[in-house]
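Below: the structure, in structure tokens.
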Amino acid sequence: MGKVARMLMFTRVQRWCRQTFSAPIKDETTTLYRDWRNRFLWQRLRLWLWLALMCLLSFALRDIYGLFFPFAELQQLPEVLRTQRLVINIAMLLNILICLALHKTKLGRNHPDLLFLGSSWSISLASQLFATIRGFALPDTIGWSLLFLSQAVLIPVCWILHLLTQMSVLIYYFGVNTALGLKTPILDHPEIYNVTFILYIFWFCAICDIGVYLYDRLQRSEFYAHKELESAYQKLKVAEAKYRSIFENAVEGIFQSSPDGRYITANPALARIYGYSLAEEVTANSTVIEQLYVEPNRRAEFVRLMEKYGSVSEFESQIYRRDGSIVWISEKAYAVRDEQGKLLYYEGLIEDITQRKQTEEELRVFFHAVSHDLRNPVLGTLMVLKNLLNSGGSGTGDWGQGRIIEEVSSQSSIPNPQSPIPVSRSILERMIQSSDRQLNLINSLMEAHISEVQGVVLQRQPVQLLTVVEAAVADLEPLLEQNQAKLTNLVSADLPLVNADPTQLWRVFSNLIVNALKHNAPGLLLTINATREGEMIYCTVSDNGVGISQQQSDRLFELYFRGASIRNSVSLGLGLYLCKQIIHAHGGEIGINSALNAGAAFWFTLPIS
């Protein structure tokens, strides 16, 4: 247990040392910080040099005064120090003046670290060299203390420099004096060192160096924190400018509104929708939002939906513009709450959908016209033609049983305008086929419009896929025979039931089969298959026909797109589009795998019931 405790203690000490004295991270040793530290060192060095100059000058003045009026406190010093101390102080003053002159030069500005070492040694080593020349050792405890302490306080960066200045002086003092066998001029303590002296110097230098090191780390951390803050601020300004640009230039109106129904924020697009020239006019307008709606209860409905769901989408309403005109808008908004769930404001987008509403109304009128003005006459003509074909009227030879009566005006030059015109059975059949195609086109056009606007309506129930496929194949048997096509049904009866609308699935299989027959020459080979893949049924309708290019495949399921291989066709190209709408309504996907002259394989997926 004792060994484990010692290991834990060692680990903690090691971690503390690593955190305290570890080298700075790579980002903290960049040129940017070194440049800043050099500028700081250069600026503080100037202050320290002036302080050292005044300090030495004060001691020099003391020595000059002492020449005429001796101080009793200095009488205990050795004679050599009493008589020569002024020379030492003047020499150090000259060194400091030289360092001050160098400080203003380019050399001093570019290399403040060298100037730091030079100025320190000019003070600390000057007295030591003088003492060595005079043949004694000088333990200048007071001078070293003032030097090291002043540097640590005024220039607390780059602790390595501080350590070098200290080690230089101490190595000279202990090394040179020991090598030369010099003694101190102090009669009571002629030895160059003792335990108390060494402990004092060691701990004094250590405390100064540790203080510089910690302050340097703090400065470095603050420097990089400041740089990161500047970088974050710059990014924030860029982001703010970007989102301000989006806010100002957005096509949709962007808003924030208070719970009591007033706009807090609005962008220029919202101002244009409401008929104002400036966004500030929207927020400054004292009119409550409720009064902007044509329907008075519309704002209350907006608030009710917000309270119930927290957001609204495609909330369409009519509103009054500033000039009194009425436009349609669509709102998409959500409620913003604080941490306690209190409602702060509503935020969202407003889109002017007046043009869309007008287009929808025009489409509604158009499809009403298609339904009544086109579909009904075609349907009536078809019924008349079928009745004629089945009427069994008179006729001989090559002429069939039907007759068409041509009505002409009274101004016609034909003697008998009511005389019957005989028509052959083949012509009637072609007219019926043409009317059938027209009716199918009109029905497909209306169906595509309804599915685009309202979506496909499904009557879901559990469905066995094989039953749907067999029904579609049976209905298309005459068309398959006519095109001399061979169809292989590989759908298994063991497949799981699918949750689908059987009628709509019948249409998908029928459309895909008819599409394959329509795009290929007679003699086509068709294969229908279905397999289970996870929770979906994967269905395919493949053929060995001419295939289609990748460019056509990308657009095959678009509205009104027609393949290039269909010639002389009156089809609108709605079959595959309706297949996509039906499969998507079931929650599946649809696509095609094909290439030119490599056949085509249509596939779609259906969820398992």
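Worth knowing before you read on, the calculation uses all heavy atoms, side chains too, and leaves out hydrogens, waters and symmetry mates. Everything quoted here is computed from the prediction, not taken from an experiment.
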Which donor-acceptor pairs under 3.5 Å do side chains of residues 531-539 form with protein atoms, sequence neighbours excluded?
from: Arg532; atom 1: NE; to: Gly534; atom 2: O; distance (Å): 3.0

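- No hydrogens or angles considered: nothing links the side chains of Arg507 and Ser510 as a donor-acceptor pair under 3.5 Å.
- Heavy atoms of other residues, nucleotides or ligands lying less than 6.0 angstrom from CH2 of Trp506 number 12 at most.
- Using bins of under 30°, 30° to 60° and over 60° for the plane-to-plane angle, the ring pair Tyr346/Phe302 lands in the perpendicular bin.
- Other residues, nucleotides and ligands place more than 12 heavy atoms under 6.0 Å from the CZ atom of Arg460.
- Under the 4.0 Å criterion applied to side-chain N and carboxylate O atoms, Lys332 and Glu252 are not assigned as salt-bridge partners.
- Atom CZ of Arg46 is surrounded by 12 or fewer heavy atoms from other residues, nucleotides or ligands within 6.0 Å.
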Item to complete: Decide yes or no on ring-ring contact (aromatic ring centres under 6.0 Å, His included) for Tyr345 and Phe255, but give the supporting numbers first.
Response: CA-CA 10 Å; Tyr345 52 84; Phe255 72 90; 9.9 Å; no
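- More than 12 heavy-atom neighbours from other residues, nucleotides or ligands sit within 6.0 angstrom of CD on Glu477.
- Tyr274 is linked by a side chain to side chain donor-acceptor pair (under 3.5 Å) to Tyr263, counting only residues two or more places apart in sequence or in another chain.
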What side-chain donor-acceptor pairs closer than 3.5 Å can you find for residues 350-359, not counting sequence neighbours?
from: Asp352; atom 1: OD1; to: Thr354; atom 2: N; distance (Å): 3.0
from: Asp352; atom 1: OD1; to: Thr354; atom 2: OG1; distance (Å): 2.7
from: Thr354; atom 1: OG1; to: Trp328; atom 2: N; distance (Å): 2.9
from: Thr354; atom 1: OG1; to: Trp328; atom 2: O; distance (Å): 3.4
from: Arg356; atom 1: NH2; to: Glu316; atom 2: OE2; distance (Å): 2.4
from: Lys357; atom 1: NZ; to: Glu316; atom 2: OE1; distance (Å): 2.8
from: Thr359; atom 1: OG1; to: Gln355; atom 2: O; distance (Å): 2.8

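- Of the charged side-chain nitrogens involved, none lies within less than 4.0 Å of a carboxylate oxygen, so that Arg298 and Glu301 do not count as a salt-bridged pair.
- Annotation for Arg37 and Val157: closest pair CG-CB, 4.0 Å, computed over non-hydrogen atoms.
- Using modelled atom types, one finds no donor on one side chain facing an acceptor on the other under 3.5 Å when comparing Arg220 with Tyr224.
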